[in-house]
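Working notes, structure below.
Order of the sequence lines fixes the chain letters, A, B, ..., with proteins taken first and strands second; residue numbering starts at 1 for each chain.
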2 protein chains.
Amino acid sequence: MRPAVSDVENPLADCENTQALDRAEASCRARGASLTAIRREVLDLLYRSPTGVKAYDLLARIKEARPGASPPTVYRALDFLIDQGLAHKIGRMNLFVACRHASHQIPSLFLVCPKCSGVTELQEQSVMSALSTSLAAAGHRLESPEVEISAICPKCVGAG
Amino acid sequence: MRPAVSDVENPLADCENTQALDRAEASCRARGASLTAIRREVLDLLYRSPTGVKAYDLLARIKEARPGASPPTVYRALDFLIDQGLAHKIGRMNLFVACRHASHQIPSLFLVCPKCSGVTELQEQSVMSALSTSLAAAGHRLESPEVEISAICPKCVGAG
DNA sequence: GAATGCAATGTTATAACATTGCATTTGTAC
DNA sequence: GTACAAATGCAATGTTATAACATTGCATTC
């Protein structure tokens, strides 16, 4: 199966993550919220798992540094990050992913690969405007900026 | 909250359901599969719950007639119905719905209301073609004919 | 500097959702 | 009627998520 968390040491990526974490911290503060140590650690783990990670895998990783961590520890952090627009939940797969897009003016598509469980975030104006129009016509209103779609990823398409 | 299962007696609907069940049985047989009693009962319960129903609510209903029923009883039936294209699972809500469209040549949108958990199935050519184009451009291939979207339903939009 | 308020976290337990594995029965082809 | 596959019964377990309550740490007020 897929690794729970990116397993390659990569100092360059670490550096990018630190910057992203600092930006996230600033944007939380700007909203009067605080990216505490736990939340920052969870977000860091999400950044290191670009194709999504499960809550209990996160818990296992968090426990390495914080042996007392329990399910609520990670679920609270995840709820916070989702509230802050820093992460998304992929309902179909019970998978959590960091949001790579600074702000969600445009709703995102999440392509979930049913073969490898990988998640790709995509922003497509054309799809979203067609969607908005159809929803409005049906009397519905798009609520969440997250639309999940099962789609086989390029790697798995190739693998057959 | 919403009722687990449609609670109004309605002989007319019963009749429609019987016809739909018979059609479903025929289409299974045509594919070399068999819509057994349990599966038929589960599908019947799905038909009576147009906005979706949870697996353990189904289990409770099934147990009324079959006291020995257990989680695998309903999950196996649901898996079968999904394989046969007679039902869908809404991952975000752990909700199951009957499919109202005879065949899924066209993928369906499932509008899941985050307020009342109701599910509406919608077929929109324009959205789906925009989606197919974008996915193809990104190297992905739509796998499941089911696309779930969180959207507030007309009733809840009105309720504010 | 004690008391208060409050957000975050710790801790335990349990609810809710889903699957595995294996024994038994049923249906059906030969 | 034997043999085989499909379906079901059943118990246990695995997985995901939340409830309920206690504690900590820090800022503010008195």
Under the side-chain contact (heavy atoms from CB on, under 4.5 Å) rule, what do A:N17 and A:L43 come out as? Steps first, then yes or no, please.
CA-CA 9 Å; A:N17 280 352; A:L43 183 55; over 6 Å; no
Rounded to the Å, how far apart are [X] [atom1] and [N] [atom2]?
| X | N | atom1 | atom2 | value |
| --- | --- | --- | --- | --- |
| A:F80 | C:dA7 | CZ | C1' | 11 Å |
| B:I62 | D:dT8 | CD1 | C1' | 13 Å |
| A:L59 | C:dT9 | CG | C1' | 14 Å |
| A:D83 | C:dA7 | CG | C1' | 14 Å |

Would you list the atom pairs, donor with acceptor, under 3.5 Å between side chains in residues 29-36 of chain A and any protein atom, with sequence neighbours excluded?
residue: A:R31; atom: NE; partner: A:Q84; partner atom: OE1; Å: 2.7
residue: A:R31; atom: NH2; partner: A:S27; partner atom: OG; Å: 3.2
residue: A:R31; atom: NH2; partner: A:Q84; partner atom: O; Å: 3.4
residue: A:R31; atom: NH2; partner: A:Q84; partner atom: OE1; Å: 3.1

Any salt bridge (charged side-chain N to carboxylate O under 4.0 Å, His left out) pairs touching residues 65-90 of chain B, not counting sequence neighbours?
B:E41-B:R66
Under a 3.5 Å distance rule, please check whether B:S134 uses its side chain to pair with a backbone N or O of B:L131 as donor and acceptor.
no
List the steps, then state whether side-chain contact (heavy atoms from CB on, under 4.5 Å) holds for A:V127 with A:L122.
CA-CA 11 Å; A:V127 177; A:L122 195 70; over 6 Å; no
What I'd like to find out is whether the side chain of B:L111 reaches to under 4.5 Å of the side chain of B:C153, using heavy atoms alone.
no
For every nucleotide of nucleotides 10-28 of chain C, 5' to 3': is a protein heavy atom under 4.0 Å from its base (B), only from its sugar-phosphate (S), or from neither (-)?
BBB----BBBBB-------
Within less than 4.0 Å of OP1 or OP2 of C:dA7, is there a side-chain N or O belonging to A:T36?
no
